[in-house]
Amino acid sequence: ASEKRVLGGEAAGMKMRGPYDYTPPDYWLTDTRFGGAFGFASEVSPGPAIPLESSLRKFLAPVDLRPGSAPWNYHAGGERFTRLTHFDDAMRAIYGRPASFDDYERKAQAMAYDAERAMFEAYSRNKYGSTGVIQWMLNNAWPSLIWHLYDYYLEPAGGYFGARKACEPVHVQYSYDDRSVEIVNSTYADTGLLTVTARVFDLGLHPSYLERTSREVPADGVEKVFTLPPEAFRSASPVNFIELTLEDGSGKTIDQNFYWLSTKKNVYDWAATDAYTTISSYEDLTALAALPHAGRMDLAASVDPSPGGPVIRVRVRNPSDHLAFQIHLAIRQKNQNAPVLWEDNYIELMPGQSRDLTAEFPSPEALPGDAELTLDGWNVERSLLPLSEPMSRDPRASRTP
């Protein structure tokens, strides 16, 4: 019995106190009593993970694509989680009341991405005062609206890519509690000299701060490179953006990260904690709903054969003068997403900026002959690009459905 007391339970750092429902990003570095980034959290999650519409239509009739309807709630959780009331209330408070189901989807994916990224980043930054975190859970045994990183049909959405971003082997990140910027090295080798660039912009994309610093990070180490001063964030702007870039010694970009921060902060009622900590006053990101429309992105792709299966190489460029927010890429056949592993997704592009991304198929026969590359996002025009031929395509070849 004495051995169990030493090796198990919270005396040894093990905890299972939740949260299990929606939790804003700043929670994980703010909470020091429950599920925050300390000890070993054996079962924890920011809760709901709304599948993409392509998956939702496989288990819900079109008339039931209504958050809060009885068929919708039937695919939520059990016990205290049979309704997504807390998630929906948080969405309305933070991002604004959804104007349509498509708007609900966009906001749900942004919430899941931001929350999952923050959880894993917090535990990574605090290692090894935090010794581990296990997401509840990886996926579900039936079609569900909650607790997964990829859905019943193996389709990843915002939460998966937020977790993937946070768990990169060498990663640059922002800390919500003290405004610091860290490099997290999860490899077993020293990084050599790396350079971090942080740019801060207000909602109108007016630059307010720039800092650039070089550091080495030891194997399995965390290095705080600098702290952003309070004046880097314009208080008159309801939302500020942080763009982080990490370069190796040759100047090659090896990581990028992008944050959207409310000037108004969450206020937690720590005494009201059960499946989650009650928030008495929410942050305010409703201004994101009024982001200027960035229009159509330039989109080009090539299909390259490889022994393991075809590789799609994609270049996305933002030709507009506005931020392109939460760009989502998929490969579809007959209105269904194909099984594919994306290098990154739900990305942001500043004006004139481009990203090169790859998508890998699990087998040589996985790419169907009538497949299309699709692009959508928060404030961009939806476009399609056929992938039926193994050739590069001009960006102007993309079209709007």
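Keep in mind the model is a prediction, meaning the values are calculated, not measured. Sequential numbering from 1 along the given sequence is applied to the chain's residues.
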Mind telling me whether Y346 and F161 have parallel, tilted or perpendicular rings, with 30° and 60° as the class edges?
tilted

For F81 together with W147, are the ring centres under 6.0 Å from each other?
yes

With distance as the sole criterion, is a donor-acceptor pair present between the side chains of D21 and H86 under 3.5 Å?
no

Measuring from S69:OG to L60:CG, what's the distance to the nearest 0.5 Å?
7.0 Å

Kindly indicate, with the supporting measurements, whether the criterion salt bridge (charged side-chain N to carboxylate O under 4.0 Å, His left out) is fulfilled by R106 and D376.
CA-CA 10 Å; R106 280 190 292 270; D376 56 38; over 6 Å; no

Distance-only side-chain donor-acceptor flag, D220 / Y128, under 3.5 Å:
yes

So, K264 side chain and P238 main chain: donor-acceptor pair closer than 3.5 Å or not?
no

Taking the basic N atoms (NZ, or NE/NH1/NH2) and the acidic carboxylate oxygens, is any pair closer than 4.0 Å for R125 and D178?
yes

Of all heavy-atom pairs between Y27 and G36, which one has the smallest distance, and what is that distance?
OH-N, 3.8 Å

Criterion side-chain hydrogen bond (donor to acceptor under 3.5 Å, both in side chains) on H148 and N140, from CA distance to verdict:
CA-CA 6 Å; H148 60 252; N140 306 100; 2.6 Å; yes

When you check the side-chain N and O atoms of S175 and E182, is any donor under 3.5 Å from an acceptor?
yes

Tell me if the centroids of the rings in H328 and W378 come within less than 6.0 Å of each other.
no

Taking the six-membered ring of Y153, is the NZ or CZ of K58 close enough (under 6.0 Å from the centre) and on axis enough (within 45°)?
yes

Would Y259 and N257 count as a side-chain hydrogen bond (donor to acceptor under 3.5 Å, both in side chains) here? Give the steps.
CA-CA 7 Å; Y259 297 83; N257 214 344; 3.0 Å; yes

Assess whether salt bridge (charged side-chain N to carboxylate O under 4.0 Å, His left out) is satisfied between D103 and R97, documenting all intermediate values.
CA-CA 9 Å; D103 192 33; R97 184 177 296 275; over 6 Å; no

For the residue pair W72 and L84, establish whether any side-chain heavy-atom pair is separated by less than 4.5 Å.
yes

Can you confirm whether the side chains of Y95 and D284 place a donor and an acceptor under 3.5 Å from each other?
no

Between P51 and D151, what is the shortest heavy-atom contact and its length?
CB-OD2, 3.7 Å

Determine whether the aromatic ring centres of F241 and F201 lie less than 6.0 Å apart.
no

Looking only at heavy atoms, which two atoms of P292 and N379 are closest? And how far apart?
O-ND2, 2.8 Å

Ignoring hydrogens and angles, write down the donor-acceptor pairs under 3.5 Å from the side chains of residues 202-211, residues two or more places apart or on other chains.
residue : atom : partner : partner atom : Å
D202    : OD1  : G204    : N            : 3.0
D202    : OD1  : L205    : N            : 3.2
D202    : OD1  : H206    : N            : 2.9
D202    : OD1  : H206    : ND1          : 3.2
D202    : OD2  : H206    : ND1          : 3.2
D202    : OD2  : R234    : NH1          : 3.2
S208    : OG   : V200    : O            : 3.3
S208    : OG   : A232    : O            : 2.6
Y209    : OH   : E211    : OE1          : 2.4

Expected output: side-chain D248 to main-chain L194 donor-acceptor under 3.5 Å:
no

Can a side-chain donor-acceptor contact be found between Y20 and E43 if the only test is distance below 3.5 angstrom?
yes

So, Q333 versus D370: side-chain donor-acceptor pair below 3.5 Å or not?
yes

Between N73 (side chain) and G68 (backbone), is there a donor-acceptor pair under 3.5 Å?
yes

Side chains of D102 and S100: donor-acceptor distance under 3.5 Å anywhere?
no

When rounded to the nearest 0.5 angstrom, what distance separates OG1 in T131 from CG in N126?
11.0 Å

Are the side chains of L375 and I327 in touch, meaning some heavy atoms are under 4.5 Å apart?
yes

We want to know whether D344 and Q256 form a side-chain donor-acceptor pair, criterion being a heavy-atom distance below 3.5 angstrom.
no

Quick check for you: to the nearest 0.5 Å, what is the distance between I134 atom CD1 and Y123 atom OH?
10.5 Å

Out of curiosity, N345 CG to R355 CZ, how far, rounded to the nearest 0.5 Å?
10.0 Å

Quick one, S124 and H171 - any side-chain contact, counting heavy atoms below 4.5 Å?
no

If you measure from the Lys or Arg side-chain nitrogens to the Asp or Glu carboxylate oxygens, is any gap between E372 and R332 under 4.0 Å?
no

About how many Å separate CG of L52 and CD of E105, when rounded to the nearest 0.5 Å?
6.0 Å

Thinking salt bridges, do K165 and D255 make one under a 4.0 Å N-O criterion?
yes

Specify whether Y174 and Y176 have parallel, tilted or perpendicular ring planes, treating 30° as the upper limit for parallel and 60° as the lower limit for perpendicular.
perpendicular

Charged N to carboxylate O below 4.0 Å: is that the case for E343 and R313?
no

Nearest heavy-atom neighbours spanning D190 and A219
OD1-N, 2.9 Å

Keeping N318 on the side-chain end and L349 on the backbone end, is there a donor-acceptor pair under 3.5 Å?
yes

Side chain of N185, backbone of P218: donor and acceptor closer than 3.5 Å?
yes

Would you check if there is a donor-acceptor pair between the side chains of Q173 and E168 at a distance under 3.5 Å?
no

Considering residues, nucleotides and ligands other than Y74, do more than 12 of their heavy atoms fall under 6.0 Å from its OH?
no

Between the side chains of Q326 and Q109, is a donor N or O closer than 3.5 angstrom to an acceptor N or O?
no

For the residue pair H75 and W142, does the interplanar ring angle fall in the parallel (under 30°), tilted (30 to 60°) or perpendicular (over 60°) class?
parallel

Could you check whether R117 makes a cation-pi contact with W260, meaning its NZ or CZ is under 6.0 Å from the centre of the six-membered ring and within 45° of the ring axis?
yes

